[in-house]
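Structure first, then comments.
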Amino acid sequence: MVQVEVAAPIEHVWNLWHNIELMPRWMKWIESVKIVEDNPELSRWKLATKTLEFTWLSRILQEIPHQIIQWESVDGLPNRGAIRFYDRKESSIVKLTFTYEVPGILVLLMNNDFVRNAVDGTLQADMDRFRDYAMNELATNPVNPNTEDLP
(Lines give C-alpha, C1' and ligand atoms only; values in the text may rest on other atoms or scores of the structure.)
Protein backbone atom coordinates (compact mmCIF):
# COMPACT_ATOMS: atom_id res chain seq x y z
CA MET A 1 0.00 0.00 0.00
CA VAL A 2 1.15 3.51 -0.83
CA GLN A 3 -0.57 6.73 0.05
CA VAL A 4 -0.35 10.48 -0.23
CA GLU A 5 -2.09 13.44 1.36
CA VAL A 6 -3.22 16.16 -1.02
CA ALA A 7 -4.18 19.64 0.18
CA ALA A 8 -7.24 19.66 -2.07
CA PRO A 9 -10.95 18.90 -1.76
CA ILE A 10 -12.03 15.29 -2.16
CA GLU A 11 -14.10 16.20 -5.25
CA HIS A 12 -11.00 17.46 -7.07
CA VAL A 13 -8.89 14.45 -6.10
CA TRP A 14 -11.68 12.03 -7.06
CA ASN A 15 -12.28 13.70 -10.43
CA LEU A 16 -8.64 13.35 -11.42
CA TRP A 17 -8.41 9.65 -10.49
CA HIS A 18 -11.86 8.90 -11.91
CA ASN A 19 -10.68 10.05 -15.34
CA ILE A 20 -8.33 7.07 -15.67
CA GLU A 21 -7.07 8.20 -19.07
CA LEU A 22 -5.19 10.96 -17.21
CA MET A 23 -3.09 8.49 -15.18
CA PRO A 24 -0.08 8.49 -17.53
CA ARG A 25 0.44 12.12 -16.48
CA TRP A 26 1.56 11.03 -13.02
CA MET A 27 2.29 7.29 -13.30
CA LYS A 28 5.81 6.81 -14.63
CA TRP A 29 5.44 3.37 -16.18
CA ILE A 30 1.87 3.75 -17.49
CA GLU A 31 2.18 4.74 -21.12
CA SER A 32 -1.53 4.74 -21.92
CA VAL A 33 -5.01 3.99 -20.59
CA LYS A 34 -7.97 3.86 -22.96
CA ILE A 35 -11.57 3.26 -21.93
CA VAL A 36 -13.31 0.70 -24.16
CA GLU A 37 -15.91 2.72 -26.07
CA ASP A 38 -18.74 0.20 -26.06
CA ASN A 39 -18.10 -0.94 -22.46
CA PRO A 40 -16.90 1.92 -20.18
CA GLU A 41 -16.31 -0.41 -17.22
CA LEU A 42 -13.39 -1.88 -19.23
CA SER A 43 -10.10 -0.16 -20.03
CA ARG A 44 -6.95 -1.11 -21.94
CA TRP A 45 -3.65 -0.40 -20.18
CA LYS A 46 -0.08 -0.28 -21.45
CA LEU A 47 2.89 -0.32 -19.08
CA ALA A 48 6.28 0.45 -20.56
CA THR A 49 9.76 0.80 -19.09
CA LYS A 50 12.97 1.31 -21.03
CA THR A 51 13.22 -2.43 -21.70
CA LEU A 52 9.82 -4.02 -20.94
CA GLU A 53 6.25 -3.60 -22.12
CA PHE A 54 3.06 -5.19 -20.76
CA THR A 55 -0.61 -4.71 -21.56
CA TRP A 56 -3.85 -5.74 -19.91
CA LEU A 57 -7.58 -5.26 -19.98
CA SER A 58 -9.05 -4.12 -16.69
CA ARG A 59 -12.61 -4.14 -15.31
CA ILE A 60 -14.01 -1.81 -12.67
CA LEU A 61 -15.44 -4.01 -9.89
CA GLN A 62 -16.64 -1.30 -7.53
CA GLU A 63 -16.97 2.44 -7.71
CA ILE A 64 -18.34 4.57 -4.90
CA PRO A 65 -17.91 8.29 -5.63
CA HIS A 66 -15.36 10.01 -3.38
CA GLN A 67 -14.61 6.69 -1.62
CA ILE A 68 -13.24 3.86 -3.77
CA ILE A 69 -12.42 2.63 -7.25
CA GLN A 70 -11.65 -1.10 -7.31
CA TRP A 71 -10.49 -3.08 -10.35
CA GLU A 72 -9.07 -6.34 -11.62
CA SER A 73 -7.43 -7.34 -14.85
CA VAL A 74 -9.41 -9.71 -17.03
CA ASP A 75 -6.77 -10.28 -19.70
CA GLY A 76 -3.02 -9.70 -19.99
CA LEU A 77 -0.84 -8.83 -16.99
CA PRO A 78 -2.62 -10.22 -13.89
CA ASN A 79 -3.33 -7.49 -11.32
CA ARG A 80 -6.01 -6.10 -9.04
CA GLY A 81 -6.30 -3.24 -6.63
CA ALA A 82 -8.18 -0.32 -5.21
CA ILE A 83 -7.72 3.39 -4.79
CA ARG A 84 -9.40 4.72 -1.66
CA PHE A 85 -10.21 8.32 -0.85
CA TYR A 86 -10.53 9.85 2.62
CA ASP A 87 -11.97 13.34 3.09
CA ARG A 88 -10.06 15.31 5.73
CA LYS A 89 -11.96 18.55 4.94
CA GLU A 90 -8.80 20.63 4.39
CA SER A 91 -7.11 17.80 2.51
CA SER A 92 -7.67 14.36 1.05
CA ILE A 93 -5.85 11.09 1.70
CA VAL A 94 -5.42 8.80 -1.30
CA LYS A 95 -4.41 5.16 -0.65
CA LEU A 96 -3.48 2.73 -3.39
CA THR A 97 -3.41 -1.02 -2.79
CA PHE A 98 -2.20 -3.13 -5.66
CA THR A 99 -1.40 -6.80 -6.17
CA TYR A 100 0.10 -8.29 -9.29
CA GLU A 101 1.72 -11.41 -10.61
CA VAL A 102 5.36 -10.90 -11.43
CA PRO A 103 5.74 -11.75 -15.14
CA GLY A 104 7.74 -14.93 -15.78
CA ILE A 105 10.47 -13.11 -17.69
CA LEU A 106 11.20 -10.92 -14.64
CA VAL A 107 11.26 -13.92 -12.31
CA LEU A 108 13.98 -15.40 -14.51
CA LEU A 109 16.01 -12.17 -14.65
CA MET A 110 15.61 -10.72 -11.14
CA ASN A 111 14.63 -11.85 -7.68
CA ASN A 112 11.06 -11.16 -6.53
CA ASP A 113 12.12 -8.86 -3.66
CA PHE A 114 14.01 -6.63 -6.07
CA VAL A 115 10.99 -6.39 -8.40
CA ARG A 116 8.57 -5.68 -5.55
CA ASN A 117 10.83 -3.00 -4.05
CA ALA A 118 11.19 -1.34 -7.46
CA VAL A 119 7.41 -1.41 -8.01
CA ASP A 120 6.64 -0.12 -4.49
CA GLY A 121 9.16 2.71 -4.84
CA THR A 122 7.80 3.68 -8.24
CA LEU A 123 4.18 3.62 -7.00
CA GLN A 124 5.03 5.90 -4.06
CA ALA A 125 6.80 8.29 -6.44
CA ASP A 126 3.69 8.13 -8.68
CA MET A 127 1.52 9.10 -5.72
CA ASP A 128 3.83 12.01 -4.95
CA ARG A 129 3.61 13.09 -8.62
CA PHE A 130 -0.17 12.81 -8.36
CA ARG A 131 -0.16 15.16 -5.35
CA ASP A 132 1.91 17.69 -7.30
CA TYR A 133 -0.27 17.30 -10.40
CA ALA A 134 -3.48 17.75 -8.40
CA MET A 135 -2.13 20.82 -6.64
CA ASN A 136 -1.01 22.34 -9.95
CA GLU A 137 -4.41 21.68 -11.54
CA LEU A 138 -6.15 23.24 -8.55
CA ALA A 139 -3.90 26.33 -8.63
CA THR A 140 -4.35 26.72 -12.39
CA ASN A 141 -8.14 26.59 -12.28
CA PRO A 142 -9.52 26.53 -8.72
CA VAL A 143 -13.18 26.70 -9.80
CA ASN A 144 -13.25 23.92 -12.39
CA PRO A 145 -9.94 22.07 -12.52
CA ASN A 146 -9.41 20.65 -15.96
CA THR A 147 -9.84 16.89 -15.74
CA GLU A 148 -11.03 16.25 -19.27
CA ASP A 149 -8.23 17.24 -21.62
CA LEU A 150 -5.85 14.50 -22.63
CA PRO A 151 -2.25 14.72 -23.84
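Worth saying up front: this structure is predicted, and the values here are computed from it rather than measured.
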Please name the pair of heavy atoms, one in [X] and one in [Y], separated by the smallest distance, quoted to 0.1 Å.
| X | Y | result |
| --- | --- | --- |
| Ser73 | Pro78 | OG-CA, 3.3 Å |
| His12 | Ala8 | CD2-CB, 3.8 Å |
| Tyr86 | Lys95 | CE1-CD, 3.7 Å |

Consider only side-chain heavy atoms of I, L, V, M, F, W and Y, link residues closer than 4.5 Å, and tell whether [X] and [Y] are in one cluster.
| X | Y | result |
| --- | --- | --- |
| Met23 | Leu42 | no |
| Ile35 | Ile60 | yes |
| Ile68 | Val13 | no |
| Ile93 | Tyr133 | no |
| Leu96 | Leu61 | no |

Does the side chain of [X] reach to within under 4.5 Å of the side chain of [Y], using non-hydrogen atoms?
| X | Y | result |
| --- | --- | --- |
| Pro9 | Leu138 | yes |
| Phe85 | His66 | no |
| Leu57 | Val36 | yes |

- If you count the non-hydrogen atoms of other residues, nucleotides and ligands that lie under 6.0 Å from CD in Glu53, is the total more than 12? yes
- Message: Taking atom CD as the centre, does Gln62 end up with more than 12 heavy-atom neighbours from other residues, nucleotides or ligands that are less than 6.0 angstrom away?
- Response: yes
- Note on the structure: Sorted by chain and residue number, the ring pair (Phe, Tyr, Trp, His ring centres under 6.0 Å) partners of Phe98 (sequence neighbours excluded) come out as Tyr100
- Task: Measure from the side-chain N and O atoms of Asn136 to the backbone N and O of Asp132, and report whether any donor-acceptor pair falls under 3.5 Å.
- Result: no
- Which residues pass the salt bridge (charged side-chain N to carboxylate O under 4.0 Å, His left out) test with Lys50, sequence neighbours left out? none
- Note on the structure: Contacts of Arg44 meeting salt bridge (charged side-chain N to carboxylate O under 4.0 Å, His left out) (sequence neighbours excluded), chain-then-number -> none
- Task: Could you please spell out the steps behind the side chain to side chain contact (heavy atoms under 4.5 Å, CB included) verdict for Glu63 and Glu41?
- Result: CA-CA 10 Å; Glu63 184 177 288; Glu41 74 176 21; over 6 Å; no
- From Asp87 CG over to Ser92 OG, what is the distance, rounded to the nearest 0.5 angstrom? 5.5 Å
- Going from CD on Glu137 to CG on Asn15, what distance comes out if it is rounded to the nearest 0.5 angstrom? 11.0 Å
In residues 121-130, what donor-acceptor pairs under 3.5 Å come from side-chain atoms, sequence neighbours left out?
residue, atom, partner, partner atom, Å
Thr122, OG1, Ala118, O, 2.9
Gln124, NE2, Gln3, O, 3.0
Gln124, NE2, Asp128, OD1, 3.2
Asp126, OD1, Lys28, N, 2.9
Asp126, OD1, Arg129, NH2, 2.3
Arg129, NE, Trp26, O, 3.1

- By side-chain hydrogen bond (donor to acceptor under 3.5 Å, both in side chains), Glu5 pairs with (sequence neighbours left out) Ser91
- Message: With no hydrogens and no angle check, just 3.5 Å: does a side-chain donor-acceptor pair link Ser43 and Trp45?
- Response: yes
- Message: Does anything in residues 74-84 form a side-chain hydrogen bond (donor to acceptor under 3.5 Å, both in side chains)? List the pairs, not counting sequence neighbours.
- Response: Trp71-Asn79, Glu72-Arg80, Arg84-Thr97
- Message: What verdict does the side chain to side chain contact (heavy atoms under 4.5 Å, CB included) test give for Leu47 and Thr49, after you've listed the backbone C-alpha separation in whole Å, the side-chain angles of each residue and the deciding distance to 0.1 Å?
- Response: CA-CA 7 Å; Leu47 178 151; Thr49 68; 4.3 Å; yes
